[in-house]
Amino acid sequence: MTKRPETLAAQALHQTDRETGAVIPPIHPATTYMRDENNALVGEMDYRRPKGPTEMQAANVLAALEGAADARLFSSGLAAIAAILDTLEIGAHVVAQTEMYYGAKKLLHHLAAKGLISLTFFEPHDKMGLKQAVQAGKTELVWIETPANPSWAVVDVAYAAEIAHAAGAILGVDGTCSPPCTTRALDLGADLVMHSATKYLNGHSDVLMGAVVTKSQDERWEKLCTGHHLTGAVPSAFDSWLMMRGLRTLFVRFERQSANALKVAEAMKAHGAVSHVLYPGLEDHPGHAIAARQMTNGFGGLLSIRLKGGPEAARKLCASTEVFLQATSIGGVESLIEHRKPIEGPSSPTPDNLVRLSCGIEAADDLIEDLKKALDRT
Ligand SMILES: *Cc1c(COP(=O)(O)O)cnc(C)c1O
């Protein structure tokens, strides 16, 4: 029988332990694997860096959820992005968004400053801008992130794939904020999808990890896998095991986080201290129609609000909540709040009155009550 993604996730592909009958696979921290009297490997592995068994079990669950041909795990989300960029030719032209995770943008600028890539940016909502940024026969990679952290602007994945492919480029998607329980970007035309597994995929703010999945096992994927074991930015077996445990509850976590964020967004819209609520799940969000098409199982737990009282009100709000913890990061079961501009720095386009909220799985009414009380203090 063909199992549905929810089943594959909950059972982590039923990768049990044959030796003991354990319903959960053991962690394999061994770095090295034995050979027999003919110097042949006893199993499939010889050393953990290229393909540790626990890492591959976790990667295989993710690949199944994404409908991918293969997957690799990395020691962080940024290491995963770096591995994708490392597959490009020297001097490759890359098209990316003006608004995106600031660390990834810094990495792009870092490589451009060394002359390794050239960059053209487009506004995430601007379809014509994307089309004009891509150069036929020259652009090698179109890199998108949707919804874009922290403005939650929505990019049309299918359209970006069409534009990239028409120009002979590939489409890479940072799917961190739209995990495979709601968006299967490969099905929409992406060639590579990357995740900071640190966020939703693990979901418990206790693992730093990245992942890349591929539509096909082509030459570029071979290059990526070579880079993966040559540079060695691989996760630990324990982190991989934890991430696989996290994946088992991805669907239910994401569903609850989406429901909570929608309630919080609606409550914030009605609040007099708030000038803007940025959440793709709201019908008046400019990207709502596209998001509804490509986020088929919820809009996620992430939203931002902008405060009429400016940066000082934003600072005070983040310092005054009790349920929301003031900390960076997103996608965990506990709600987090952050005044984003001081974190991203002066070169970031993020408005200085923007507060980013990552809604967890707590009671929605507690989240709303907490924000309202804290807003009263601003
Ligand atoms: C956090 C994040 C990253 C970077 O991931 P790390 O695991 O922190 O290296 C990349 N993209 C997005 C959208 C993120 O939120």
Side-chain angles (χ1 to χ4, degrees), residues 55 58-59 62 71-86 94 96-111 124 141 143-155 157 160 172-180 182-183 185 190 192-213 228 231-236 239-240 242-243 246-247 254 257 261 278 280 287 291 294-295 299-304 327-332 335-338 340 343-345 348-350 354 356-360:
E55 293 89 299
L62 181 62
R72 284 294 178 281
L73 302 183
F74 292 84
S75 52
S76 70
L78 274 178
I81 299 176
I84 292 173
L85 297 173
D86 195 41
V94 175
Q97 285 159 221
T98 48
E99 289 168 30
M100 63 193 289
Y101 174 65
Y102 82 122
K105 200 169 171 188
K106 271 191 186 168
L107 175 60
L108 290 174
H109 281 301
H110 172 75
L111 297 180
L141 171 68
W143 182 254
I144 63 169
E145 178 188 314
T146 185
N149 189 354
S151 71
W152 316 117
V154 175
V155 185
V157 180
V173 178
D174 182 338
T176 301
C177 300
S178 195
T182 199
T183 301
L192 295 173
V193 178
M194 162 269 158
H195 293 278
S196 168
T198 313
K199 316 292 170 56
Y200 281 118
L201 297 186
N202 176 61
H204 293 75
S205 307
D206 52 11
V207 165
L208 192 74
M209 194 186 292
V212 184
V213 299
H228 177 257
T231 57
V234 299
S236 74
D239 281 357
S240 305
L242 279 176
M243 199 280 273
L247 283 178
F254 194 80
Q257 286 169 301
L278 311 171
Q294 65 190 26
M295 299 180 87
F299 299 95
L302 312 172
L303 69 148
S304 295
T328 198
S329 203
I330 52 178
S335 294
L336 301 178
I337 188 167
E338 185 176 49
R340 196 62 190 160
I343 304 295
E344 296 189 357
S348 150
T350 297
L354 181 144
R356 187 178 77 180
L357 303 171
S358 175
C359 296

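Just the heavy atoms: all of them, side chains too, but no hydrogens, waters or symmetry mates, feed the values below. Read the numbers this way: they start at 1 and go in the same order the structure lists the ligands and their atoms.
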Q. Between Ser196 and Thr176, is there a donor-acceptor pair closer than 3.5 Å when you use the side chain of the first and the backbone of the second?
A. no
Q | Glu338 and Thr328: side chain donor to acceptor below 3.5 Å | A | yes
Q. Does the Gln257 side chain pair with the main chain of Leu302, one donor and one acceptor, at a distance under 3.5 Å?
A. no
Q) Between Met100 and ligand 1, which part of the residue brings a heavy atom under 4.0 Å of the ligand: side chain, backbone, both or neither? A) neither
Q.
As a check for students: among Leu107, Leu78, Asp174, identify the option with a heavy atom nearest to atom 9 (O) of ligand 1.
A. Leu78
**Q.** Residue Ile330 vicinity, atoms of ligand 1 by number, heavy atom under 4.0 Å
**A.** 15 (O)
Q | Nearest protein heavy atom with distance in Å, relative to atom 6 (P) of ligand 1 | A | Gly77 N, 3.3 Å
Q) Okay, side chain of Ser358, backbone of Gly331: is any donor-acceptor separation there less than 3.5 Å? A) yes
**Q.** Protein contact of atom 5 (O) of ligand 1 - nearest heavy atom, named by residue and atom, plus distance
**A.** Ser196 OG, 3.0 Å
Q. Considering only protein heavy atoms, which is closest to atom 4 (C) of ligand 1, and at what distance to one decimal place?
A. Tyr101 CE2, 3.4 Å
Q: Report yes if Leu208 has an N/O atom closer than 3.5 Å to an N/O atom of ligand 1; otherwise report no.
A: no
Q: Give the numbers and elements of all ligand 1 atoms closer than 4.0 Å to a heavy atom of Asn149.
A: 15 (O)
Q. What atoms in ligand 1 come closer than 4.0 Å to a heavy atom of Glu145?
A. 13 (C)
Q: Given side chain to side chain contact (heavy atoms under 4.5 Å, CB included), test Trp143 with Ile84 step by step and report yes or no.
A: CA-CA 10 Å; Trp143 182 254; Ile84 292 173; 3.8 Å; yes
Q: Considering only non-hydrogen protein atoms, determine which one is nearest to atom 2 (C) of ligand 1 and report residue, atom name and distance to 0.1 Å.
A: Lys199 NZ, 2.5 Å
Q.
Closer than 3.5 angstrom, by distance alone: can the side chain of Lys105 be matched with the main-chain N or O of Thr98 as a donor-acceptor pair?
A. yes
Q) Do Gln97 side-chain atoms and Glu145 backbone N/O form a donor-acceptor pair below 3.5 Å? A) yes
Please table the atom pairs, donor to acceptor, closer than 3.5 Å between any side-chain atom in residues 71-81 and protein atoms at least two apart or in another chain.
residue, atom, partner, partner atom, Å
Arg72, NH1, Asp70, OD1, 3.3
Arg72, NH1, Asp70, OD2, 3.3
Ser75, OG, Ala233, O, 3.4
Ser76, OG, Leu78, N, 3.4
Ser76, OG, Ala79, N, 3.0

Q | ligand 1 to Thr198 polar contact by distance, N or O atoms, under 3.5 Å | A | yes
